2 protein chains.
Amino acid sequence: MGKGEHTRLAILDAALAQASECGFESLTIGSLAERAGLSKSGLFAHFGSREELQIAAIGVAAERFVETVFRPALKAPRGLPRLQALFDHWLAWTESSGLAHGCPMQAAAVEFDDRPGPVRDAVVGHYRHLDRETGRAVRIAVLEGHLRSDLDVEQFVFELLGIVFSYYHHARLLCAEDATKRARAAFERLIAHAAVQPS
Amino acid sequence: MGKGEHTRLAILDAALAQASECGFESLTIGSLAERAGLSKSGLFAHFGSREELQIAAIGVAAERFVETVFRPALKAPRGLPRLQALFDHWLAWTESSGLAHGCPMQAAAVEFDDRPGPVRDAVVGHYRHLDRETGRAVRIAVLEGHLRSDLDVEQFVFELLGIVFSYYHHARLLCAEDATKRARAAFERLIAHAAVQPS
DNA sequence: GCTTTAATAGTACGACCGTTCGTTTTATTT
DNA sequence: AAATAAAACGAACGGTCGTACTATTAAAGC
């Protein structure tokens, strides 16, 4: 790995931290250069444009999400345990990956949901991937016999995402102490409804 | 009403439209002045600072939300019907109030959830109010005998908010056609679980 | 209609924006 | 060690940012 590659990663690391705090729109060349200890032009040369920088930052955010949330969950047994692990890692992923200030992907989702362009496309791509992979995990739980076979998987994923969003909201904005507890309770209810023989 | 008051409202109207598209951080004096048909300094004089402008914009966003979502719901019968009306208006409120590009309050929530200051305080205040009022509506449904008396109201509100967030996400970012259908199904499930005699 | 006050315009400012360019320093290769 | 390529720098550009002033216009009160 050349030296350029290394600093590029360092830049993106700083970019992720910044985006976690203040969103991707706050990723300015100047402030990021200062944070990364480079000159503006030196940093700029790595990406060629601010937009490319934002796209790259979203890319590593997505990548890190997968590695922090999905990959570890694969170590859990197929089916319900894996789904539970997925959810647990999801709730804690920003902390466990050093992004102390909220999920950058969610920030990007809200920032760009109405601004067509390559940045938005990147965000959409990530979330579609997320939906797909989550659905896959749910389907495995169905195949394993942990969840009922007539389960509406898309609906399950829709509601699961809602729980995570509400968790982020209560934990970060409202600083609610019981956000984790509420999220887990909601998840339990979701699972209970999807389990075989819903009482 | 003096003329100043009138233009001030017009400015905030334009501000809301802009914030709905690109967030509150995109509320710059210059661009907003152009949109409102004023000079930069003429607009600036109405608020004294950009921050005050942002706070004022969040104020009218919250106000409009209450008037579009909560007030009309009061016309529905107390209890479950009112809760259903509340939810329906909530899903459609950005369109029905002319904000064609997403809920500005949610945008503000994500933008400022990690940036202490008066703007954040305003956002937090609104959402606390929202939680409280929604809880009140749920409690009424309990009193009316439509929902079970041992219902965890806070939990109910937590999950309801999650449904709305997931709806926004799928409808706006992913442009999912079935977002409304999914949201309603999730709501139905939430109600069913909270209803008396959960099957 | 005149005076007073409120509302808007105009201009200027320093700071920062993304970007370009030429130069200099640092790595890599031969 | 010399030659070449990669990487970082520093200065500058045109623009826009928020904000501070003063001047000008429109409204309000008498």
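All chains are named by letter (A, B, ...) in the order of the sequence lines, taking the proteins before the strands, and each is independently numbered beginning at 1. These numbers were taken from a predicted model, which means no experiment stands behind them.
- If you take NZ of K3(A) and P of dA27(C), they are 5 Å apart, rounded to a whole angstrom.
- Every pair passing ring pair (Phe, Tyr, Trp, His ring centres under 6.0 Å) that includes a residue from residues 107-126 of chain B is listed here, sequence neighbours excluded: F65(B)-H126(B).
- A straight line from CG of L9(A) to P of dA7(D) spans 12 Å, rounded to a whole angstrom.
- Atom CZ of F44(A) is separated from atom P of dC13(D) by 18 Å (rounded to the nearest Å).
- Rounded to whole Å, the distance from NE2 on H6(A) to P on dA27(C) is 12 Å.
- Sorted by first then second residue, the side-chain hydrogen bond (donor to acceptor under 3.5 Å, both in side chains) pairs that include residues 65-83 of chain A, not counting sequence neighbours, are R78(A)-E144(A).
- Residue F47(B) contributes atom CZ, which lies 11 Å from atom P of dT8(C) at whole-angstrom precision.
- One distance of note links CD of E25(A) with CD of E25(B); it measures 9.0 Å at 0.5 Å rounding.
- Contacts between residues 28-43 of chain B and DNA chain D, counted as heavy-atom distances below 4.0 Å, involve T28(B), I29(B), G30(B), K40(B), S41(B).
- The overall bend of the helix from dG1(C)-dC30(D) to dT30(C)-dA1(D), read as the angle between its terminal helix axes built from five base pairs each, is 20° when rounded to 10 degrees.
- Taking E159(B) as the reference, R189(A), Q155(B) meet the side chain to side chain donor-acceptor pair (under 3.5 Å) condition, with sequence neighbours excluded.
- Non-hydrogen atoms lying under 4.0 Å from DNA chain D are contributed by nothing in residues 10-27 of chain A.
- What separates CD of E52(B) from P of dT19(D) is a distance of 10 Å, to the nearest Å.
- Using a 4.0 Å heavy-atom cutoff across all strands shown, A45(B) reaches at least one base atom of the nucleic acid.
- Annotation: the span from I11(B) atom CD1 to Q18(B) atom CD amounts to 13.0 Å, rounded to 0.5 Å.
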